[in-house]
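Indexing begins at 1, ligand by ligand and atom by atom, following the structure's order. Here, residue 1 is the first one in the sequence, and each next residue gets the next number.
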Amino acid sequence: MKALLEILQPGEPDWDLAQAIDPDRLPAHIAIIMDGNGRWANRRSMPRVAGHRAGIGPVRATVETCARLGIEALTLYAFSIENWKRPRQEVDTLWRLLRHYLGKEMSSLMRNGIRLTAIGRLDSLPPDVRRDLDRAVRQTEANSGLRVNLAINYGGRAELVDALNAVLEEARLEGRLSTLQIDEEAVEAHLYTAGQPHPDLLIRTSGEMRISNFLLWQIAYSELYVTDVFWPDFSRSDLLRAICEYQKRDRRFGGLSPRGHGRSSRQPVAEEIGVPAR
Ligand code: IPE
Ligand code: IPE
Ligand code: MG
């Protein structure tokens, strides 16, 4: 958080937003569905791929801001399994842009201690993309700052299928397949994001009110924040606003409010809800 305030000037809009954020209640993990590149370009009578190109700046800015805030993990949805349905030329451009980003960003990722991981069905990526991605992941492996998960050829259902198959395979190798009972811990331990906190805040740009097969397991109790801003226009202010809004939410996880709103601030005694005392 301090690292963010260092680069802001009193009086600028982001200064006030940053001041409004409680550094002790930051989301540990932010996940973002970066949507609206195509519509951003359409509005400007440009080809869709121009929108994808314009989407790189916000990726850079978001990664930097999360690192400066001291966020633990950031997951960016860059390419879904379903995105293969798009025209070949668009898909090829997305791979080119990804490789360009990885090449250009490496020194800044290293400088900022950022650890990159890729999540998704990486075996089906074009070999050159896979190679560059593996290299970037290896190079940043020992960094201990912000963890950036790039979701590439990612699908939430595929992740669950892969996790379940991994649980089965492990049990088979250990000779305990016949008595195997799958529980939540076992699934959890084999997710692509195993060991990381679940997203506290899920942001979607471009106004679409859907999940589009993203992190289905991990977002069970994430706070959702949808903004109409198209991804290429998503600025540091938009991110800070999302975090401010997140901090106003009352997260109950199915229980009662820890902050205490009226009656929910304490457990009602049995007589008050008409349950006879035992
Ligand atoms: C998000 O923008 C980027 C990817 C899915 C790769 P879109 O390309 O989906 O843009 P819209 O939703 O068509 O505007
Ligand atoms: C979700 O956006 C995938 C990414 C942002 C990478 P889409 O544009 O593919 O999702 P739908 O088709 O609107 O649900
Ligand atoms: Mg879209």
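The N/O atoms of Arg39, backbone and side chain alike, include one that comes under 3.5 Å of an N/O atom in ligand 1. Considering both main-chain and side-chain atoms, Ser80 never comes within under 3.5 Å of ligand 2 through any nitrogen or oxygen pair.
By the criterion of a heavy-atom distance under 4.0 Å, the side chain of Arg86, and not its backbone, is placed next to ligand 1. Counting heavy atoms closer than 4.0 Å to ligand 2, residue Lys85 contributes nothing at all. In Asn83, the part holding a heavy atom less than 4.0 Å from any atom of ligand 1 is the side chain.
Within Asp35, the N, O or S atom at minimum distance from the Mg ion (ligand 3) carries the name OD1.
In terms of protein heavy atoms, atom 14 (O) of ligand 2 is closest to Ser212 OG, 2.6 Å. Protein heavy atom in closest approach to atom 5 (C) of ligand 2: Met34 O, 3.4 Å. The protein atom (non-hydrogen) at minimum distance from atom 12 (O) of ligand 2 is Arg210 NH2, 4.5 Å.
Of the listed options Asn37, Val49, Thr205, Ile33, Asn37 places a heavy atom closest to atom 3 (C) of ligand 1.
Ligand 1 lies out of reach of Glu208, whose nearest heavy atom is not under 4.0 Å from it. Assignment of Ser206 to the shell around ligand 1 is not supported, since no heavy atom sits closer than 4.0 Å.
Judged by distance alone, the side chain of Arg44 and the main-chain N or O of Trp40 form a donor-acceptor pair under 3.5 Å.
Distance remark: protein heavy atom present below 4.0 angstrom from atom 9 (O) of ligand 2.
Counting only N and O atoms by type, the side chains of Asp162 and Tyr192 include a donor and acceptor under 3.5 Å apart.
With 2.8 Å as the limit, Glu208 does not count as an N, O or S neighbour of the Mg ion (ligand 3).
The Phe79 neighbourhood of ligand 2 comprises atoms 6 (C), with distances under 4.0 Å to a heavy atom of that residue. Ligand 1 places these atoms under 4.0 Å from at least one heavy atom of Ala78: 6 (C). Within ligand 1, counting atoms from 1 as listed, the ones closer than 4.0 Å to a heavy atom of His52 are 3 (C), 8 (O).
The local environment of CD in Gln181 is sparse, with at most 12 non-hydrogen atoms from other residues, nucleotides or ligands closer than 6.0 Å.
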